[in-house]
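Convention: sequence-line order gives letters A, B, ...; per-chain numbering from 1.
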Protein chains: 2
Amino acid sequence: MKAKYITIIDIARQLNISKSTVSRALTGHPNVKEHTRKAVMELASSMEYQRNSLALGFSKHNTNTIGIMVPEFMSTYFPSVIVGVQDVMQAAGYNVVICQQNESYESEVSNMKLLLSYRVDGIIVSHTKETRNFDHFTLAQRRGVPLVFFNRVPEDMNVPNVIVNDYEAAFQAVEHLIRIGRRRIAHLAGPESLVNTRLRRQGYLDALKKHGIAHNPDLMLSYDLTTEKVKIYMKHFLELDTPPDALFAINDPTAIAAMEVVKAKGLRIPEDIAIVGFSNDFSAGLVHPGLTTVAQPTSEIGRTAAEMLLQEMRAKVKNDYTIKKAPTVQLSTRLIIRESTVPEEKSKKMVKSK
Amino acid sequence: MKAKYITIIDIARQLNISKSTVSRALTGHPNVKEHTRKAVMELASSMEYQRNSLALGFSKHNTNTIGIMVPEFMSTYFPSVIVGVQDVMQAAGYNVVICQQNESYESEVSNMKLLLSYRVDGIIVSHTKETRNFDHFTLAQRRGVPLVFFNRVPEDMNVPNVIVNDYEAAFQAVEHLIRIGRRRIAHLAGPESLVNTRLRRQGYLDALKKHGIAHNPDLMLSYDLTTEKVKIYMKHFLELDTPPDALFAINDPTAIAAMEVVKAKGLRIPEDIAIVGFSNDFSAGLVHPGLTTVAQPTSEIGRTAAEMLLQEMRAKVKNDYTIKKAPTVQLSTRLIIRESTVPEEKSKKMVKSK
DNA sequence: CTGTTAGCGCGTTCAT
DNA sequence: ATGAACGCGCTAACAG
């Protein structure tokens with residue numbers, strides 16, 4: 001059941017001219033008689049000629065296609081970054097191929113090889129939570145395929161990337177909790193493999209320190225981002241002799257899952273325990289009470305990463321990041337205060353005073 | 001800044017053998033001396049040889065790649081269908097390229113041409129809300145590229161597809177509203193271009209009819225799925241002389257946006273107005289009150305579509321759907337009752353009694 | 001078991 | 001203004 005496509009040879013035969021002429025007419029080469037060009041164009045369109053990008057990329061050594069690799073599709077974060085990437089890339093005449101890894105390292109390696117085997121011109125990446133070995137990324141670099149990372153950036157690689165101010169954002173979020181009078185602030189951190197985890201945790205620790213609150217190791221746990229674990233750990237927190245009066249969660253899904261546990265226990269949010277998330281997922285504004293969280297400029301992250309990649313791809317001489325510092329763009333976040341930390345009336349006042 | 005890849009010729013030269021032998025060794029052809037094979041494999045891996053799928057697909061006329069085209073990424077519906085597709089396709093040795101159209105007809109046409117120009121072996125599609133012309137799809141069929149539709153299926157095309165029982169699901173949802181005593185049931189329908197819109201609307205109308213409730217045209221509006229319009233129309237409904245006591249929304253984002261309007265007006269859900277959505281998006285369980293909605297088996301939809309596509313691609317003789325009825329699989333939905341129609345205690349009872 | 005050759009579709013010289 | 005010939009990387013058919 002082979003597909004059947006029209007080629008420039010078919011067109012050439014019908015018109016009794018050479019395929020070179022057809023090729024020239026189709027690509028807008030100046031040296032083609034107007035009459036001939038018109039005939040070619042008309043026949044091509046009536047035969048629904050569809051150019052073969054494989055053949056083209058094959059001989060030209062570039063495909064006008066970039067890949068984007070994201071770890072998951074379950075929150076709205078990555079899809080909206082992708083929309084930003086597509087905006088810019090489409091305008092620049094590039095096609096975007098999306099690969100989604102389901103947080104699996106294996107998928108990531110095989111998808112990377114897939115993209116390389118299809119000779120994409122560049123790749124935008126956020127790695128999985130399982131990724132500890134980065135050989136598949138350096139392989140791309142060695143092959144001269146530009147990479148731009150965002151959100152989850154490997155610490156040991158010198159590579160262009162787009163990030164947000166995770167440390168400050170976490171610091172501010174925790175400071176917000178302290179300002180509203182909380183002292184026993186728990187932190188559900190992410191996996192050690194993610195640089196975000198470490199930055200946000202440091203922000204958490206330093207905010208406590210600044211305000212003279214001793215860090216209680218019992219109130220901090222790293223976990224693997226699965227819902228089941230949140231439930232276990234959150235229950236554990238709540239059953240401590242002196243349970244926390246606030247929670248800073250690594251991301252919104254974590255915060256939302258934690259809220260479920262709190263509500264199931266019959267505790268009140270924010271009165272008994274205030275909760276802050278991270279990223280301002282679509283659902284953060286929908287849960288009850290609304291989730292205080294750190295908003296990330298998702299579509300701008302995507303657009304910025306795309307623009308950085310375009311620069312890399314357009315560079316006449318490949319940037320050698322073994323000898324040169326790779327560019328980093330840090331975008332700003334914004335703390336969104338909702339009812340999970342400040343009850344209704346109060347929160348309205350705070351927004352106004354902003 | 002051209003990328004530089006190793007080819008089988010490089011390997012052949014180093015080993016002083018012909019590229020055919022290298023090719024055979026690499027592809028596991030039986031007629032290669034063990035010694036030679038080993039040498040090839042070792043060199044290939046130490047040089048980090050990465051096969052060129054372009055060249056392969058180019059000469060073999062198939063790419064082991066399928067495309068999936070979805071209209072949007074804003075709800076969790078399409079991403080989770082995609083995860084199902086990937087499951088099946090990965091196991092079958094296919095690569096999946098995802099295209100997202102932002103609900104734009106133009107993007108759809110250009111992405112379709114993109115996929116065709118890359119000679120994908122098959123395509124899974126849900127079309128945009130703007131799509132009224134289906135030539136780009138029939139083009140694929142004429143080229144012998146199998147298509148499988150899901151969710152948004154063109155009515156005039158005889159093409160394999162995976163759908164849910166939209167009509168019955170809508171019927172049951174509305175019947176549920178009637179059972180809890182509602183009579184003035186409004187319906188926010190989707191764009192006329194979507195077959196879902198028509199089926200769900202018919203289910204709505206027939207449920208009213210069955211229960212002897214006259215259809216009030218003032219209570220039914222079609223709209224373009226943008227949040228701004230929901231707000232306008234919902235306000236309009238609520239300001240009618242005799243406003244509705246229930247709303248059946250075409251999908252969950254619509255229902256959730258409508259809930260905002262209701263709450264802003266100071267009305268109670270479900271006491272003043274009960275609300276039902278469609279699809280059981282992730283956020284449906286998070287909003288307050290929880291949204292009663294029709295759950296779709298998203299990942300099963302994806303897996304089923306993928307399996308249908310595999311069958312099409314594997315068919316020795318291409319199925320000619322101009323003369324033969326295309327297969328349809330209809331999957332079942334399930335009405336999930338939450339607090340947007342039945343207050344807390346009551347809804348718990350109903351779940352138990354199930 | 002291995003080497004040689006042809007061909008996939010296209011753009012691109014190099015001739016004419 | 002046009003045609004002929006080549007090459008991109010790989011597999012397959014054919015010839016040893």
Side-chain angles (χ1 to χ4, degrees), chain A residues 2-41 43-44 47-65 113 116-121 143-144, chain B residues 2-41 43-44 47-65 113 116-121 143-144:
Chain A
K2 295 264 148 133
K4 209 183 146 11
Y5 286 91
I6 305 295
T7 75
I8 54 171
I9 301 188
D10 297 321
I11 298 178
R13 255 201 289 267
Q14 287 224 16
L15 257 37
N16 249 319
I17 56 178
S18 82
K19 68 181 180 123
S20 309
T21 306
V22 176
S23 168
R24 278 190 278 257
L26 253 22
T27 53
H29 190 96
N31 281 353
V32 182
K33 220 196 310 185
E34 191 45 40
H35 176 72
T36 318
R37 178 191 310 283
K38 212 179 143 203
V40 169
M41 294 310 248
L43 186 58
M47 293 179 83
E48 298 185 301
Y49 167 77
Q50 198 64 55
R51 94 177 186 186
N52 185 332
S53 298
L54 257 61
L56 193 67
F58 177 45
S59 67
K60 297 233 300 180
H61 287 281
N62 69 49
T63 53
N64 257 31
T65 302
K113 296 204 165 150
L116 290 181
S117 86
Y118 277 100
R119 301 299 189 258
V120 294
D121 298 338
R143 286 292 167 265
Chain B
K2 295 264 148 137
K4 208 181 147 15
Y5 286 91
I6 306 295
T7 75
I8 54 171
I9 300 188
D10 298 322
I11 298 179
R13 255 201 290 263
Q14 287 224 15
L15 256 39
N16 248 321
I17 57 179
S18 82
K19 64 180 180 144
S20 307
T21 305
V22 176
S23 168
R24 278 190 279 258
L26 253 22
T27 53
H29 190 97
N31 284 352
V32 182
K33 219 197 307 185
E34 191 45 40
H35 176 72
T36 320
R37 177 191 312 282
K38 212 177 143 205
V40 170
M41 294 310 248
L43 187 57
M47 295 178 82
E48 298 186 300
Y49 166 78
Q50 197 65 54
R51 94 179 186 183
N52 186 331
S53 297
L54 258 59
L56 192 66
F58 178 47
S59 69
K60 298 236 297 178
H61 287 281
N62 68 50
T63 52
N64 257 31
T65 302
K113 295 203 167 152
L116 290 181
S117 85
Y118 277 99
R119 302 297 190 258
V120 294
D121 297 341
R143 286 291 166 266

(request) Determine the minimum heavy-atom distance between B:R119 and A:R51, stating which atoms define it. (result) NH1-O, 3.4 Å

(request) Enumerate the residue pairs fulfilling salt bridge (charged side-chain N to carboxylate O under 4.0 Å, His left out) with a member in residues 12-21 of chain B, sequence neighbours excluded, ordered by first and then second residue. (result) B:D10-B:R13

(message) Within the structure provided, determine whether B:T7 and B:N52 are in side-chain contact (heavy-atom separation under 4.5 Å).
(response) no

(request) Return the minimal non-hydrogen interatomic distance between B:R143 and A:M47, and the atom names on each side. (result) NH2-O, 2.9 Å

(request) Let me know the distance between CG of B:N16 and P of C:dT2, rounded to the nearest Å. (result) 13 Å

(message) If I compare all heavy atoms of B:L54 with all of A:F58, which pair ends up nearest, and what's the gap?
(response) CD2-N, 3.6 Å

(message) Using OP1 and OP2 only, check whether a side-chain N or O of B:S18 sits under 4.0 Å from C:dT4.
(response) no

(request) Five pairs at each end of the helix from C:dC1-D:dG16 to C:dT16-D:dA1: take the axis at both ends and give me the angle between them to 10°. (result) 50°

Table of protein N/O atoms under 3.5 Å from nucleotides 9-12 of chain C N/O atoms:
{"residue": "C:dC10", "atom": "OP1", "partner": "A:Y49", "partner atom": "OH", "Å": "2.5"}
{"residue": "C:dC10", "atom": "OP2", "partner": "A:I8", "partner atom": "N", "Å": "2.7"}
{"residue": "C:dC10", "atom": "N4", "partner": "A:K19", "partner atom": "NZ", "Å": "2.6"}
{"residue": "C:dG11", "atom": "OP2", "partner": "A:S23", "partner atom": "OG", "Å": "2.9"}
{"residue": "C:dG11", "atom": "O6", "partner": "A:K19", "partner atom": "NZ", "Å": "2.7"}
{"residue": "C:dT12", "atom": "O4", "partner": "A:S20", "partner atom": "OG", "Å": "3.2"}

Show me, pair by pair, the donor-acceptor contacts under 3.5 angstrom made by side chains of residues 20-35 of chain A, not counting sequence neighbours?
{"residue": "A:T21", "atom": "OG1", "partner": "A:S18", "partner atom": "OG", "Å": "3.3"}
{"residue": "A:T27", "atom": "OG1", "partner": "A:S23", "partner atom": "O", "Å": "2.9"}
{"residue": "A:T27", "atom": "OG1", "partner": "A:R24", "partner atom": "O", "Å": "3.3"}

(message) What verdict does the side chain to side chain contact (heavy atoms under 4.5 Å, CB included) test give for A:I17 and A:V40, after you've listed the backbone C-alpha separation in whole Å, the side-chain angles of each residue and the deciding distance to 0.1 Å?
(response) CA-CA 10 Å; A:I17 56 178; A:V40 169; 3.9 Å; yes

(request) May I ask you to say what A:I17 touches in the nucleic acid, namely base, sugar-phosphate or nothing, with a heavy-atom cut-off under 4.0 Å? (result) sugar-phosphate

(message) According to side chain to side chain donor-acceptor pair (under 3.5 Å), who are the partners of A:S117, at least two apart in sequence or on a separate chain?
(response) B:S53

(request) Please find the earliest and latest nucleotides of DNA chain D, in the 5' to 3' direction, that have an atom within less than 4.0 Å of any heavy atom of chain B. (result) D:dG9 to D:dA13

(request) Start with the C-alpha gap between A:Y49 and A:L43, add the side-chain angles, then the distance that decides, and say whether side chain to side chain contact (heavy atoms under 4.5 Å, CB included) holds. (result) CA-CA 8 Å; A:Y49 167 77; A:L43 186 58; over 6 Å; no

